[in-house]
Amino acid sequence: MSILRIALPIPKRQLFDYLAVDVMPKIGARVRVSFGPRKLIGVVWEIGQESAWEVGKLKAIQDIIDDEPIFDETQRKLCTWLAQYYKHPIGDVVQSAMPVALRKGESSLPKPIEFYSATALGKKTELTSLSRAPKQQALLSELLAGDCLKAKVKEQFGAAASKALIDKGIIEVLEKQPSSISTWQQSLIIQDKPNANVEQALAISSIEAKLSEYACFLLDGITGSGKTEVYLQAIEPILQQGKQVLILVPEIGLTPQTVHRFRYRFGIDVGVLHSGLTNNERLLVWQKSAKGQLGIVIGTRSAIFTPMLNPGLLIVDEEHDASYKQQDGLRYHARDLAVVRAHAEQVPLILGSATPALETLNNALTGKYHHLTLHQRAGNASVASQQVFDIRQQPLKFGIAQGMLDRMKQHLQQGSQVMLFINRRGYAPALVCHQCGFVEQCTRCDKPFTLHNQLYKLQCHHCGNAKSIPSSCQQCHSTELTAMGVGTEQLEQGLTAYFPEFSNIRIDSDSARGKSKLDKMLSSINNNEHQILIGTQILSKGHHFPNVTMVLIMDVDGALFSADYRAAENLAQLITQLAGRAGRAEKPGEMWLQTHDPGHPLLQDLINNGYAHFAKYALLERQHGNLPPFTYQALFKAQALSAQDAHSFCKMWRSSLIKRQGVSCIGPIPALMEKRQGQYRMQLLLQSNQRSSLQRALGQQLNQIETLYLANKVRWSLDIDPQDFS
DNA sequence: AGCACGCCGACT
DNA sequence: GTCGGCGTGCTC
């Protein structure tokens, strides 16, 4: 008796067994089943001969939705890998790999294309007989010349005209299968291909040497060095072989210009997947790609799941970008999944960035990835000069030093724009003396204490050691101790009052919700409608600000002294990205970094030697500190209505994990925002030198937790390779 | 995750 | 007397 093992949208780390009725569904096809009192849609994941359940108690499936699998073997492999690696319920994984429309049971087959055609009666109808209905007359005349797509008719002639003609029997709606539509391979052209420079040509030929096998390339090219041109020329032979290309871009970077550039170069339809699409639009791209009808698919994080009939190349642009890591539910990293997918499909993968993530850089340096570098800047690109501004003992107005305000004034009066940059992401903050720059450190670890305002405590995020907040500086006895970071609103108000004659605009993910809103803001900036730009991360992504001649990074220390070891890396990426986007050749920009520690070695290294040098130094530091990518981490989070419950749950995890080989724990430590929505949040950081020992320990741990201890009071989650510790 | 079952408080 | 609160447990 064949048993169907089905992945159901249930948060359990298991498959559910069912029986087939008379037709056997294929592996990878959707089926409808009854599950307890409700009906669910699941995907047949395995077919086996026996069940751990009593076979007599198994239910039969209700019906089969797909005759053909919607998950091919590679996709099933990817999902299984995801579930295994991220320790996530398989049903949930399968669910997130599917477009929403398919989760709801929509047909996976492309909808037939509807078009209007003149009937036999229509062909005999005199046009003049319709002279009293000009719209209908025009439509009929159009259709006598040839058939026309339904959507196009509706747009040109309106719904009323076509309906009237259908009622008269003059025209009719016909359907044809989309596969009979001409394929992109026939319309492929190569438009306006510029000559590659030496470095680009070298990169392109390195990639071309590995077109039909797995290989991972880090395309490490400074801003303005023409990474996109390398992508375009690497794509060319792939498309010419009739194979497909999947390109991932960060959430905000998905600008129409980029898409246009691909579309224009090759003259083919490009499938675009972004958050603004409806479920049906998303499904359509999915279907077309699965049928091989799209040469290029571009999309954000979840586009990595798009099936391809004939894959030829994967590209992850701006691979260091944090938006590739999903921050809730299935916490996967799309870049890492791209590596797994490229391997499974046996196709090459290009990871592109001006500021590669340290993990990626390490893989390139150890030879796991091929390292391709572009140093030459094309044409009129420029980089802003970078310098630190010592704010010790400086009077600060809404977070800005007086010296910097004066400098801003100069730039503004010359008609230039000034950009202020705040890290709104709450890095675990330290306590710093404004007089002398002294930072309170844990005596055991020599690491800055993290300030927990709600607890009114300083706590070391490396050993858990805690003390109360001192009232004066240990070194100079000043009472001016400050936490780092200032709110955007406060700054906005302050600037409006201080520079009444200049208009300011705030750009963050809240104010720029939606792509068109952001575009509008950007064009108003480039039209000089605003002189002072206040922004967060969003400004560092993909856009150029030729008229900005001064960039001020307000809260450098927040990142330098954060317990989050990634904060310094993120800051360096941000500074480097911004420096490449402000000003232009004739009007170069200057960038200022406000800090209490102007001599900080990482900061000095970045400013004097650039990102690549900084990154190597930072990697060395990570190695000495036993941190990723030289060790492997997982973050266990627990939240409960009572702090005691959350704490003891973490401790229970800790005590059972610590017995396992090669895994160490830090915590439990309260989360940065200890209490949110009435829930107390605690976390435990797990670390190992060996990826496999961490994986094994977590696997065993989860088996226990599901069978032995079901703490209903505590909601918990596990973040493998955490990027963010808040 | 849902959904049912169940066991206790304030209402027509 | 019951309507409904949400704690507990189960779903192939």
Side-chain angles (χ1 to χ4, degrees), chain A residues 1-66 71 76 79-80 82-83 86-106 279 302 305 326-332 636-646 648-649 652 677-681 702-719:
Chain A
M1 173 80 79
S2 290
I3 309 292
L4 306 175
R5 304 212 171 92
I6 296 174
L8 290 175
I10 294 295
K12 297 221 137 253
R13 275 157 249 276
Q14 65 180 99
L15 296 166
F16 292 86
D17 295 353
Y18 283 83
L19 300 172
V21 200
D22 21 58
V23 190
M24 201 56 153
K26 292 190 175 159
I27 292 183
R30 285 172 302 163
V31 291
R32 247 181 283 267
V33 299
S34 84
F35 184 77
R38 59 210 163 116
K39 307 264 175 286
L40 291 178
I41 292 171
V43 176
V44 180
W45 211 246
E46 294 167 4
I47 297 180
Q49 287 313 307
E50 53 217 57
S51 173
W53 267 63
E54 220 178 299
V55 179
K57 285 188 178 167
L58 292 184
K59 289 186 185 173
I61 58 166
Q62 303 224 292
D63 62 303
I64 300 172
I65 300 178
D66 305 301
F71 281 91
R76 291 201 307 274
C79 288
T80 308
L82 277 169
Y86 290 103
K87 305 280 173 256
H88 201 80
I90 180 71
D92 271 4
V93 173
V94 171
Q95 202 74 0
S96 28
M98 260 193 265
V100 179
L102 291 186
R103 292 177 211 170
K104 293 183 182 155
E106 283 279 318
N279 291 341
S302 62
F305 294 111
Q326 176 128 56
Q327 286 299 1
D328 52 70
L330 171 58
R331 307 170 111 92
Y332 68 102
F636 176 78
K637 305 188 196 194
Q639 53 174 295
L641 282 165
S642 105
Q644 187 54 49
D645 284 348
S648 46
F649 194 60
M652 194 207 74
Q677 290 152 11
Q679 300 249 313
Y680 288 86
R681 301 153 71 227
L702 287 169
N703 282 340
Q704 281 191 10
I705 214 149
E706 289 204 327
T707 53
L708 295 179
Y709 186 83
L710 246 161
N712 278 339
K713 285 179 185 163
V714 183
R715 316 234 319 143
W716 59 272
S717 68
L718 194 57
D719 189 350

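It should be emphasised that the depicted structure is a prediction, and the values quoted were computed from it without experimental measurement. Just so we're on the same page: letters track the sequence lines, and every chain starts at 1. Atoms considered below: every heavy atom in the structure, side chains included; atoms not considered: hydrogens, waters and symmetry mates.
A/Phe35 comes within contact range of at least one nucleobase, with a heavy-atom separation under 4.0 Å.
Here the rule is side chain to side chain contact (heavy atoms under 4.5 Å, CB included) with A/Arg30, and of A/Ile41, A/Ile6, A/Val94 only A/Ile41 fits it.
Distance CZ (A/Arg103) to P (B/dA1): 15 Å, rounded to an integer number of Å. Rounded to whole angstrom, the span from the CD atom of A/Gln62 across to the P atom of C/dC12 amounts to 11 Å. Atom CZ of A/Arg32 is separated from atom P of C/dT11 by 23 Å (rounded to the nearest Å). Note: CD (A/Glu54) to P (C/dT11) measures 12 Å, nearest angstrom. Distance A/Ile6 CD1 to C/dT11 P: 16 Å, rounded to the nearest Å. The distance from atom CD1 of A/Ile90 to atom C1' of C/dC12 is 16 Å, rounded to the nearest whole Å. In this structure, A/Leu19 places its CG atom 12 Å from P of C/dC12, rounding to the nearest Å. Rounded to whole Å, the distance from CZ on A/Arg13 to P on B/dA1 is 11 Å.
Taking both residues in full, the closest heavy atoms of A/Ser302 and A/Tyr332 are given as CA-OH, 3.5 Å, listed atom of the first, atom of the second, then distance. Smallest separation of non-hydrogen atoms from A/Asp17 and A/Ala52: OD2-N, 4.0 Å.
Close to C/dC12, at under 4.0 Å from its OP1 or OP2, lies no side-chain N or O of A/Lys57. Distances shorter than 4.0 Å separate none of the side-chain N or O atoms of A/Arg38 from OP1 or OP2 on B/dC3. Residue A/Arg715 places at least one side-chain N or O under 4.0 Å from the OP1 or OP2 atom of B/dA1.
The nucleotide whose nearest atom lies closest to any side-chain atom of A/Ile10 is, among B/dA1, B/dC3, C/dC12, B/dA1.
Between the A/Tyr18 side chain and the A/Ser34 main chain, a donor and an acceptor come within less than 3.5 Å of each other.
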